[in-house]
A.B. asks: 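One structure, pasted below without further comment.
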2 protein chains.
Amino acid sequence: MNARRAAAGGAARDQRPDPAGKDATARRAGGGYDDIRDRLRTLTLRQQRFERYLGREMRVDAAGLAVMDHLVANGPATPTDLARRLDASTAATTLVIDRLVAGGHASRAPHPTDRRKVVVSPAEDWEASAFEHVSPIVRGVNEAVESLSEQERATVAAFLDRVVKAYDDAIRP
Amino acid sequence: MNARRAAAGGAARDQRPDPAGKDATARRAGGGYDDIRDRLRTLTLRQQRFERYLGREMRVDAAGLAVMDHLVANGPATPTDLARRLDASTAATTLVIDRLVAGGHASRAPHPTDRRKVVVSPAEDWEASAFEHVSPIVRGVNEAVESLSEQERATVAAFLDRVVKAYDDAIRP
DNA sequence: GTGAGATTACTAATGAAGTTAGCAATCTCG
DNA sequence: CGAGATTGCTAACTTCATTAGTAATCTCAC
């Protein structure tokens with residue numbers, strides 16, 4: 001079997017005919033709109049790639065990483081909290097936590113007052129061993145921040161706030 | 001059955017005892033290191049959330065979105081190219097493309113010169129209908145860029161470059 | 001108090017999606 | 001030309017997520 005591509009003739013277009021029409025619009029080196037937007041896109045790509053890398057290194061899947069990130073950043077949380085954070089069902093979250101616990105990355109404990117709830121906490125060593133992989137980035141970002149004047153930091157921070165706000169506003173409508 | 005939580009007694013720790021030790025280190029409003037790093041992290045979170053949202057809206061899974069993003073940004077590509085972009089196997093990529101084609105989001109065409117290859121192209125209307133969802137963000141970012149002076153744009157662009165480089169450097173070792 | 005209804009975390013059954021292995025067709029190049 | 005590399009795909013298997021349903025617990029109007 002496998003008679004693939006049996007003379008399915010047809011003109012395949014040229015390679016890369018200015019895909020997104022960027023030449024025309026902006027790209028005037030130094031101050032164009034797309035200039036910074038492209039960098040933001042590239043940053044997203046790198047972050048995603050780094051997350052895949054980190055997941056492989058630490059033997060944790062994407063959902064597990066998101067949970068661990070939340071646990072480290074916001075402290076112990078209940079499965080329902082984590083489910084909301086993941087935009088996933090509580091059932092899926094139960095399995096994610098199962099995997100994390102089995103891998104020694106997190107632990108479950110009963111909630112002190114509400115006996116329906118469970119409190120998930122990151123393992124002692126998690127933050128340290130994760131930091132081992134993340135530290136190059138932290139260092140790189142710190143250096144980038146250090147290279148800025150106080151005023152420039154405020155500019156960058158304000159800019160990032162506006163970008164975050166743009167994402168927030170884009171979801172609801 | 002289901003005799004869960006059968007007196008699994010044990011003191012569950014307090015809620016949020018300064019999870020990452022941020023109070024101590026930095027957080028001095030306005031110019032701390034973490035100040036900007038936190039914003040970058042928040043940005044990542046928002047981007048991820050937006051991607052889930054966009055995927056739901058356009059009936060495309062995460063891998064499919066990554067492929068479409070690549071197709072729109074870099075022009076038509078072969079499955080092998082896309083597989084590299086996804087950090088996935090070519091087999092998985094075949095399935096991703098199958099789904100995109102079935103959904104009318106992309107199409108396959110034989111490569112003009114190399115008859116082993118296949119060229120995947122985005123559907124005509126994809127970019128437009130995707131832009132419908134993305135435009136609020138593009139607008140928001142554009143406004144944020146507009147609010148900056150020429151010099152500030154250069155500062156932000158250079159900063160983003162350094163952050164991207166930090167991610168690049170963090171992966172190889 | 002008490003009992004109806006909401007919450008919480010989990011299990012079970014099913015479906016969707018990725019991986020490795022392997023193959024046929026094609027290209028490359030000594 | 002012909003050995004070896006490339007390309008895209010299929011097949012078998014594994015993994016992960018979803019929907020539906022359940023037991024335990026909590027809330028709160030009465």
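Because the structure is a prediction, the values reported are computed rather than measured. Each chain gets a letter, A, B and so on, in the order the sequences are listed, and its residues count up from 1.
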A.B. asks: Do the side chains of A/Glu127 and A/Pro122 get nearer than 4.5 Å, heavy atoms only?
C.D. replies: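 No - every pair of side-chain heavy atoms lies 4.5 Å or more apart.
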A.B. asks: Mind calculating the distance between CG (B/Asp98) and P (C/dG18) to the nearest angstrom?
C.D. replies: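 The answer, rounded to whole Å, is 11 Å.
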A.B. asks: Check every atom of C/dC10, D/dT7, D/dC26 against the side chain of B/Lys117 and return the nucleotide holding the closest atom.
C.D. replies: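 Closest nucleotide among those given: D/dT7.
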A.B. asks: Taking only N/O atoms, report every protein-nucleotides 16-20 of chain D pair under 3.5 Å with atom names and distance.
C.D. replies:
residue, atom, partner, partner atom, Å
D/dA17, OP2, A/Arg99, NH2, 2.4
D/dT18, OP2, A/Ser89, OG, 3.2

A.B. asks: Does the side chain to side chain contact (heavy atoms under 4.5 Å, CB included) test come out yes or no for A/Asp69 and B/Arg41, once each step is laid out?
C.D. replies: CA-CA 10 Å; A/Asp69 177 65; B/Arg41 177 174 174 276; 2.8 Å; yes
A.B. asks: Please assess B/Thr78 against B/Asp114 for the test side chain to side chain contact (heavy atoms under 4.5 Å, CB included), listing each intermediate value before the final yes or no.
C.D. replies: CA-CA 11 Å; B/Thr78 68; B/Asp114 190 334; over 6 Å; no
A.B. asks: Mind checking what makes salt bridge (charged side-chain N to carboxylate O under 4.0 Å, His left out) contact with B/Arg39, not counting sequence neighbours?
C.D. replies: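 Only A/Asp161, B/Asp35 meet the salt bridge (charged side-chain N to carboxylate O under 4.0 Å, His left out) criterion with B/Arg39.
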A.B. asks: Is the distance from OP1 or OP2 of C/dT8 to the nearest side-chain N or O of A/Arg84 less than 4.0 Å?
C.D. replies: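 Negative; the distance criterion is not met.
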A.B. asks: With side chain to side chain contact (heavy atoms under 4.5 Å, CB included) as the criterion, how do A/Asn74 and A/Arg85 come out once you've worked through the C-alpha distance, each side chain's angles and the decisive distance to 0.1 Å?
C.D. replies: CA-CA 11 Å; A/Asn74 303 96; A/Arg85 165 75 164 68; 5.6 Å; no
A.B. asks: Please tabulate the protein-to-nucleotide N/O contacts below 3.5 Å involving nucleotides 28-30 of chain C, giving atom names and distances.
C.D. replies:
none

A.B. asks: Start with the C-alpha distance between A/Leu71 and A/Met68, add both sets of side-chain angles, then the distance that settles side chain to side chain contact (heavy atoms under 4.5 Å, CB included), and finish with yes or no.
C.D. replies: CA-CA 5 Å; A/Leu71 291 180; A/Met68 293 308 301; 4.2 Å; yes
A.B. asks: Indicate yes or no: does A/Arg84 engage A/Asp81 in a salt bridge with an N to O separation below 4.0 Å.
C.D. replies: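 Salt bridge between A/Arg84 and A/Asp81, a charged N being under 4.0 Å from a carboxylate O: yes.
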A.B. asks: What's the closest nucleotide to the side chain of A/Arg115 if the choices are C/dA9, D/dC26, C/dT26?
C.D. replies: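 Nearest to the side chain of A/Arg115 among the choices is D/dC26.
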A.B. asks: If you round to the nearest 0.5 Å, how far is CZ of A/Phe50 from CG of B/Asp168?
C.D. replies: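 Going from the CG atom of B/Asp168 to the CZ atom of A/Phe50 covers 11.5 Å.
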A.B. asks: Can you check the B/Arg59 CZ to C/dA16 P distance for me, whole Å?
C.D. replies: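 Atom-to-atom, B/Arg59 to C/dA16, this comes out as 15 Å.
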